[in-house]
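For the single chain, residues carry numbers from 1 onward in sequence order.
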Amino acid sequence: MSAVPQASQKSGRVDLYRRMDKHHLAPLWEVLHALVPTKPQTPCVPALWKYRDVRPYVMESGALITAREAVRRVLILENPGMRGKSCITNSLYCGLQLILPGEIAPSHRHTQSALRFIVEGSGSYTAVDGERTTMHPGDFIITPSWTWHDHGNPGNEPVVWMDGLDIQILQLFGAQFSENYAEEVQPVSKPEGDSYNRYGHNLAPLDYTPSGKTSPIFSYPYAKSRETLATLSRSEDPDPCHGWKMQFINPLTGGYAMPTIASFIQLLPKDFRSSAYRSTDGTIWSVVEGRGTVKIGAETHAFEPRDTFVAPPWNPVRFETAGEEAVLFSFSDRPAQVALGLWREQRG
Ligand code: GTQ
């Protein structure tokens with residue numbers, strides 16, 4: 001038998017494909033290497049959104065549609081390699097949400113888990129299951145799957161935050177549900193700080209048994225995470241890949257704050273050149289403090305506060321800072337990959 005297909009075999013195959021196509025059948029051998037590649041293959045590309053460039057569009061949207069009419073007034077950060085799919089990586093959605101003084105974004109709930117990372121402005125709130133949390137730049141807030149949530153801005157300045165949702169994961173599984181609350185704003189049933197005081201102080205109620213897969217606290221104030229980073233930086237050397245990096249946890253399990261999305265906060269020392277690091281979880285960063293550059297795969301981008309950038313799965317990431325420290329927030333689908341036994345990382 002010859003290893004090279006005969007012309008008759010080739011035309012026979014084309015004929016076979018054509019006839020079986022009507023029965024919704026397709027030959028695996030034509031697509032096998034694309035389906036089962038030797039290393040991660042993705043249309044997701046590295047990208048950075050400069051807040052300086054994006055902000056005017058965010059503010060212009062504020063003059064053209066209200067939060068009430070939009071339901072959520074958000075500009076989606078679409079990965080340049082996956083335009084039209086409303087995603088920033090294969091599995092995650094990211095957007096910048098604007099809420100102007102006096103506005104409300106009406107209450108709803110969905111099976112998608114959401115995080116908010118406050119980029120600009122103070123004085124707005126997110127309400128989750130009867131408790132409001134006032135937002136400040138750098139705060140990390142979660143909206144667990146199927147919890148009622150609405151946003152409002154009783155303050156006097158525009159507030160912009162980054163939204164991260166597991167929309168594409170829910171799409172993959174076909175498990176999306178959502179509904180609107182009967183009223184625009186859900187009733188406030190708990191004082192501000194209730195969940196943080198109950199669960200965020202190394203204490204738990206006597207009868208507490210974890211219910212669900214999400215952290216019982218939904219606000220992680222920047223003041224606390226920044227203090228932790230400062231403490232670490234005074235007492236130990238930075239990690240060569242990450243600087244000083246911490247993960248946000250569910251304080252009652254030690255696990256991730258949400259079952260599908262992990263989030264992190266890291267401090268890069270000044271005059272730092274990190275070693276290359278890659279992992280299978282494509283990651284989105286929001287810059288809180290400081291300037292530097294990030295090399296993602298073959299692309300290098302300069303970053304400054306409030307910029308957002310994305311590293312696709314398995315793309316090596318390197319950071320450089322000069323003269324100043326930098327603080328970066330990030331999130332990825334790591335918990336989902338870990339739960340399924342898929343997550344890999346490589347240093348150097
Ligand atoms: O705030 O509930 O960016 O439902 C996309 C979908 C935000 C939200 C988004 C949402 C929300």
Distance check, rounded to the nearest 0.5 Å: [X] atom [atom1] versus [Y] atom [atom2]?
{"X": "Arg109", "Y": "Gln186", "atom1": "CZ", "atom2": "CD", "answer": "10.5 Å"}
{"X": "Leu268", "Y": "Thr321", "atom1": "CG", "atom2": "OG1", "answer": "6.0 Å"}
{"X": "Trp244", "Y": "Ser233", "atom1": "CH2", "atom2": "OG", "answer": "5.0 Å"}
{"X": "Leu48", "Y": "Asp53", "atom1": "CG", "atom2": "CG", "answer": "9.5 Å"}
{"X": "Lys213", "Y": "Ser113", "atom1": "NZ", "atom2": "OG", "answer": "11.5 Å"}
{"X": "Cys94", "Y": "Ile284", "atom1": "SG", "atom2": "CD1", "answer": "6.0 Å"}

Centroid separation under 6.0 Å, is that true for the rings of Trp285 and Phe319?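 Under 6.0 Å, so yes.
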
Would the distance check show the side chain of [X] and the main-chain N or O of [Y] forming a donor-acceptor pair, the cut-off being under 3.5 Å?
{"X": "Arg306", "Y": "Val287", "result": "no"}
{"X": "Asp307", "Y": "Glu304", "result": "yes"}
{"X": "Glu227", "Y": "Lys224", "result": "no"}
{"X": "Asp139", "Y": "His136", "result": "yes"}
{"X": "Glu60", "Y": "Tyr57", "result": "no"}
{"X": "Thr111", "Y": "Phe177", "result": "yes"}

Test Ile169 against Asp333 for side-chain contact (heavy atoms from CB on, under 4.5 Å), laying out the working first. CA-CA 9 Å; Ile169 298 178; Asp333 64 11; 4.2 Å; yes

Among side-chain atoms of [X] and [Y], is any donor-acceptor pair under 3.5 angstrom?
{"X": "Thr280", "Y": "Gln337", "value": "yes"}
{"X": "His149", "Y": "Thr143", "value": "no"}
{"X": "Glu131", "Y": "Tyr196", "value": "no"}
{"X": "Asp163", "Y": "Trp161", "value": "yes"}
{"X": "Glu345", "Y": "Tyr277", "value": "yes"}
{"X": "Trp343", "Y": "Asp281", "value": "yes"}
{"X": "Ser124", "Y": "Asn153", "value": "no"}
{"X": "Gln112", "Y": "Asp166", "value": "no"}
{"X": "Tyr220", "Y": "Ser263", "value": "no"}
{"X": "Asp129", "Y": "Thr147", "value": "no"}

Using every non-hydrogen atom in the two residues, find where [X] and [Y] come nearest and quote the distance to one decimal.
{"X": "Gly323", "Y": "Asp271", "result": "N-OD1, 2.8 Å"}
{"X": "Pro335", "Y": "Ala262", "result": "CD-N, 3.3 Å"}
{"X": "Thr283", "Y": "Ser332", "result": "OG1-CB, 3.6 Å"}
{"X": "Asp150", "Y": "Pro106", "result": "CB-C, 3.9 Å"}
{"X": "Gly243", "Y": "Pro269", "result": "CA-CD, 4.3 Å"}
{"X": "Leu165", "Y": "Ala114", "result": "CG-CB, 3.6 Å"}

Taking everything shown except [X] itself, do over 12 heavy atoms lie less than 6.0 Å from its [atom1]?
{"X": "Arg347", "atom1": "CZ", "value": "yes"}
{"X": "Arg318", "atom1": "CZ", "value": "no"}
{"X": "Lys10", "atom1": "NZ", "value": "no"}
{"X": "Asn156", "atom1": "CG", "value": "no"}
{"X": "Tyr17", "atom1": "OH", "value": "yes"}

I need the single residue from Ile265, Leu267, Thr231 that forms a side-chain contact (heavy atoms from CB on, under 4.5 Å) with Arg226. Which is it?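 For Arg226, the side-chain contact (heavy atoms from CB on, under 4.5 Å) check succeeds only for Leu267.
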
Candidates Phe309, Trp49, Tyr93 - the one meeting side-chain contact (heavy atoms from CB on, under 4.5 Å) with Ile88: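 So, applying the side-chain contact (heavy atoms from CB on, under 4.5 Å) to Ile88 and each of Phe309, Trp49, Tyr93, only Trp49 qualifies.
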
Is the closest basic N to carboxylate O distance between [X] and [Y] below 4.0 Å?
{"X": "Arg55", "Y": "Glu120", "value": "yes"}
{"X": "Glu320", "Y": "Arg273", "value": "yes"}
{"X": "Lys245", "Y": "Asp239", "value": "no"}
{"X": "Glu192", "Y": "Arg132", "value": "no"}
{"X": "Glu324", "Y": "Arg291", "value": "yes"}
{"X": "Arg18", "Y": "Asp21", "value": "no"}

Under a 4.5 Å cut-off applied to non-hydrogen side-chain atoms, are [X] and [Y] in contact?
{"X": "Arg116", "Y": "His151", "value": "yes"}
{"X": "Ile167", "Y": "Ser86", "value": "no"}
{"X": "Met258", "Y": "Leu115", "value": "yes"}
{"X": "Tyr208", "Y": "Tyr199", "value": "yes"}
{"X": "Thr66", "Y": "Glu103", "value": "yes"}

Output, in order, the C-alpha distance, side-chain angles, deciding distance and verdict of side-chain contact (heavy atoms from CB on, under 4.5 Å) for His110 and Gln176. CA-CA 7 Å; His110 37 69; Gln176 315 98 314; over 6 Å; no

Step by step, would you call Leu98 with Met59 a side-chain contact (heavy atoms from CB on, under 4.5 Å)? CA-CA 8 Å; Leu98 168 68; Met59 293 304 159; 4.1 Å; yes

Please tell me whether [X] and [Y] are part of a single hydrophobic cluster in this structure, the criterion being side-chain heavy atoms less than 4.5 Å apart.
{"X": "Val119", "Y": "Leu75", "answer": "yes"}
{"X": "Leu252", "Y": "Ile217", "answer": "yes"}
{"X": "Val310", "Y": "Val74", "answer": "no"}
{"X": "Leu229", "Y": "Leu328", "answer": "no"}

Only one of Thr89, Asn90, Asn315, Asn79 passes side-chain hydrogen bond (donor to acceptor under 3.5 Å, both in side chains) with Thr42; say which it is. Asn90

side-chain contact (heavy atoms from CB on, under 4.5 Å), that's the test. Do Ser225 and Phe248 meet it? Break it down for me. CA-CA 9 Å; Ser225 20; Phe248 291 96; 4.1 Å; yes

May I ask you to decide if the ring planes of Phe329 and Phe140 are parallel, tilted or perpendicular, using 30° and 60° as cut-offs?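 It falls in the tilted class, 30° to 60°.
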
With ILVMFWY side chains joined below 4.5 Å, transitively, what does Val185's cluster contain besides itself?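 Reading the cluster by chain and number, Val185 sits alongside Ile104, Tyr125.
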
